[in-house]
Amino acid sequence: MEYSIKTVGMLTSGGDAPGMNAAVRAVTRAAICNGIRVKAIYRGYKGLIDGEVAEFSSQDVSGIIQRGGTIIKSARCPEFTTPEGRKQAYDTLVREGIDALIVIGGDGTFTGGRIFAQEFNVPVIGIPATIDNDLWGTDATIGYDTSLSTIMECVDKLRDTATSHERVFLVEVMGRDAGFLTLNAAIAGGCEAAIIPERATVMEQIEDAIGNGRRKSKNSSIVLVQEHAVEGGANAVAAMIEKEHPEYSTRVTILGHLQRGGSPTASDRILASRMGVAAIQALLDEQRNVMVGVQNEEIVLVPLSKAIHQKKDIKEDKWQAMLTLSI
Ligand code: ADP
């Protein structure tokens with residue numbers, strides 16, 4: 001079989017992440033540079049099913065590297081989880097003459113992409129873009145650094161008001177099943193505790209961090225709570241604290257979608273640019289069904305199956321650093 005990619009389709013899917021635009025730009029320009037046509041598929045897998053496709057030129061991606069969100073939109077698409085939906089998506093590929101797909105997104109996007117690749121023998125390359133940084137095989141995902149900085153800035157602001165009132169602030173942070181954002185933001189923000197799914201030590205941490213702090217006349221406590229670490233999130237933790245310690249006054253802040261917005265940091269723009277170029281190179285090298293990752297500053301290709309199914313660990317030294325520095 002001749003293996004030659006003439007037209008590549010590109011989509012952004014699932015939760016949006018700052019830096020997706022930089023990846024769209026990089027894929028487009030790297031493809032064009034190598035004589036490959038690029039078709040943007042709008043709204044992720046939904047656009048693939050509905051045939052929302054437009055060819056992109058280099059100019060179509062001008063002035064977007066600094067913009068958050070994604071100009072080709074993102075969506076969640078339940079139809080793509082059905083064989084009928086994926087068949088419709090494949091019909092669009094055939095109609096548009098798309099020979100390979102570059103999917104920019106997270107775990108769910110790669111899961112769908114991998115099934116699609118196997119069913120229809122289409123080469124699929126994944127570019128990891130998720131604020132959660134939960135994909136195995138890559139040290140960083142696009143959007144993570146920007147989101148981390150945003151959370152840190154919010155914590156800094158809360159610290160100003162927390163110190164004025166001697167309250168316990170509980171800040172709910174995104175992350176799906178992973179505590180990377182929460183733990184790293186807690187270290188960067190000098191927080192008193194981080195409640196994450198990987199370490200089930202809710203009240204213990206609270207007692208240590210807040211109790212110790214009080215004894216040492218610390219005048220504020222900020223605890224970061226990963227959204228799914230405790231059922232009910234930060235509100236549930238606040239209720240727990242007030243029940244055990246009615247003397248503490250708590251306040252809850254849910255950062256929500258603020259964490260996804262904003263102009264990507266330099267680090268995310270560079271990561272997205274490198275990964276976009278590497279994704280096109282992977283296709284030229286006849287790779288398929290892999291995710292582009294970065295390990296120790298080097299670009300690597302990781303099978304999609306591993307990226308999805310293996311679990312990335314929290315670094316124990318970071319956990320210990322957070323505990324040690326919160327006393
Ligand atoms: P993310 O890529 O950020 O993890 P989602 O989990 O919402 O986002 O997944 C994005 C999309 O990927 C879903 O809306 C769906 O279209 C597709 N997808 C996710 N899981 C599957 C699956 N098991 N089979 C087929 N498609 C899937």
Side-chain angles (χ1 to χ4, degrees), residues 9-21 23-24 27 40-53 68-70 72-93 101-122 124-138 140-147 173-181 197 226-228 256-257 259-261 264 268 271-272 275 279 289-293 302-312:
M10 137 189 99
L11 57 82
T12 51
S13 153
D16 61 300
M20 277 182 160
N21 278 327
V24 164
V27 167
I41 298 153
Y42 285 82
R43 297 178 178 77
Y45 294 124
K46 186 168 181 341
L48 197 54
I49 291 177
D50 298 344
E52 262 196 282
V53 179
T70 160
I72 59 173
K73 315 285 183 194
S74 187
R76 297 218 151 87
C77 176
E79 301 96 293
F80 197 73
T81 60
T82 67
E84 300 75 32
R86 292 193 294 273
K87 172 68 175 64
Q88 269 179 278
Y90 181 67
D91 292 343
T92 302
L93 281 197
L101 261 189
I102 295 185
V103 298
I104 305 168
D107 184 64
T109 300
F110 293 173
T111 304
R114 183 165 169 261
I115 295 171
F116 187 68
Q118 286 168 341
E119 273 176 347
F120 298 102
N121 197 24
V122 177
V124 172
I125 309 287
I127 297 183
T130 159
I131 63 167
D132 306 335
N133 198 22
D134 56 351
L135 288 159
W136 187 90
T138 188
T141 56
I142 298 165
Y144 171 67
D145 186 64
T146 305
S147 185
V173 174
M174 282 181 172
R176 283 233 245 187
D177 304 329
F180 301 105
L181 258 186
Q226 200 272 9
E227 59 184 346
H228 296 128
H257 286 81
Q259 296 164 93
R260 292 192 184 281
D268 273 333
L271 185 67
M275 286 180 163
N289 311 342
V290 289
M291 174 191 82
V292 178
V302 180
L304 282 178
S305 55
K306 283 198 174 176
I308 300 162
H309 292 126
Q310 300 210 24
K311 190 147 171 67
K312 189 147 91 182

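Every number for a ligand or one of its atoms is a count from 1 in the order of the listing. Note that the coordinates shown come from a computational prediction; the quantities given were computed from them, not determined experimentally.
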Atom 7 (O) of ligand 1: nearest protein contact (heavy atom, Å): R76 NE, 2.4 Å

Y45 contact mode with ligand 1 (heavy-atom cut-off under 4.0 Å): side chain

L181 vs Y144 side-chain heavy atoms within contact, under 4.5 Å: yes

Min N/O separation G106 to ligand 1 under 3.5 Å: yes

Atom 26 (N) of ligand 1: the protein heavy-atom neighbour that sits closest, reported with distance to 0.1 Å: G112 CA, 3.3 Å

D268, T130, I127, T12 screened by side chain to side chain contact (heavy atoms under 4.5 Å, CB included) with M20, the one that passes: T12

Mode of T111 contact toward ligand 1 - side chain, backbone, both, neither (heavy atoms, under 4.0 Å): side chain

Ligand 1 contacted by R176 (non-hydrogen, < 4.0 Å): yes

Polar atom proximity, G105 to ligand 1 (N or O, under 3.5 Å): no

Pairwise side-chain contact, V103 with F116, heavy-atom cut-off 4.5 Å (strictly under): no

Test ring pair (Phe, Tyr, Trp, His ring centres under 6.0 Å) applied to Y90 - qualifying residues, sequence neighbours left out: F120

Part of T130 within contact of ligand 1 (heavy atoms, under 4.0 Å): neither

Atom 2 (O) of ligand 1 - nearest protein heavy atom and its distance: T109 OG1, 2.5 Å

Minimum-distance pair of heavy atoms, taken over all atoms of A23 and A272: N-CB, 3.6 Å

Any N/O pair C77/ligand 1 closer than 3.5 Å: yes

Side chain to side chain, I72 and I41, heavy atoms closer than 4.5 Å: no

Closest heavy-atom pair and its distance - I131, G143: CG2-O, 3.7 Å

N/O separation below 3.5 Å, R86 to ligand 1: no

Distance-minimising heavy-atom pair for V302 and A307: CG1-N, 4.2 Å

F80: numbered ligand 1 atoms lying under 4.0 Å from its heavy atoms: 16 (O), 25 (C), 26 (N)

Atom 11 (C) of ligand 1 [closest protein heavy-atom partner, distance rounded to 0.1 Å]: S13 OG, 3.7 Å

Protein heavy-atom partner closest to atom 18 (N) of ligand 1 - residue, atom, separation in Å: G108 O, 3.3 Å

Nearest protein heavy atom with distance in Å, relative to atom 3 (O) of ligand 1: G15 N, 3.1 Å

Nearest heavy atoms of Q226 and D177, plus distance in Å: NE2-C, 4.0 Å

Which residue and heavy atom of the protein sit nearest atom 21 (C) of ligand 1, plus the separation: T81 CG2, 3.8 Å

Mutual orientation of the aromatic rings belonging to F80 and Y45 [parallel < 30°, tilted 30-60°, perpendicular > 60°]: parallel

Taking every non-hydrogen atom, the tightest pair across T138 and P128: CG2-CG, 4.2 Å

Protein residue, atom and distance nearest to atom 24 (N) of ligand 1, heavy-atom basis: I115 CD1, 3.4 Å

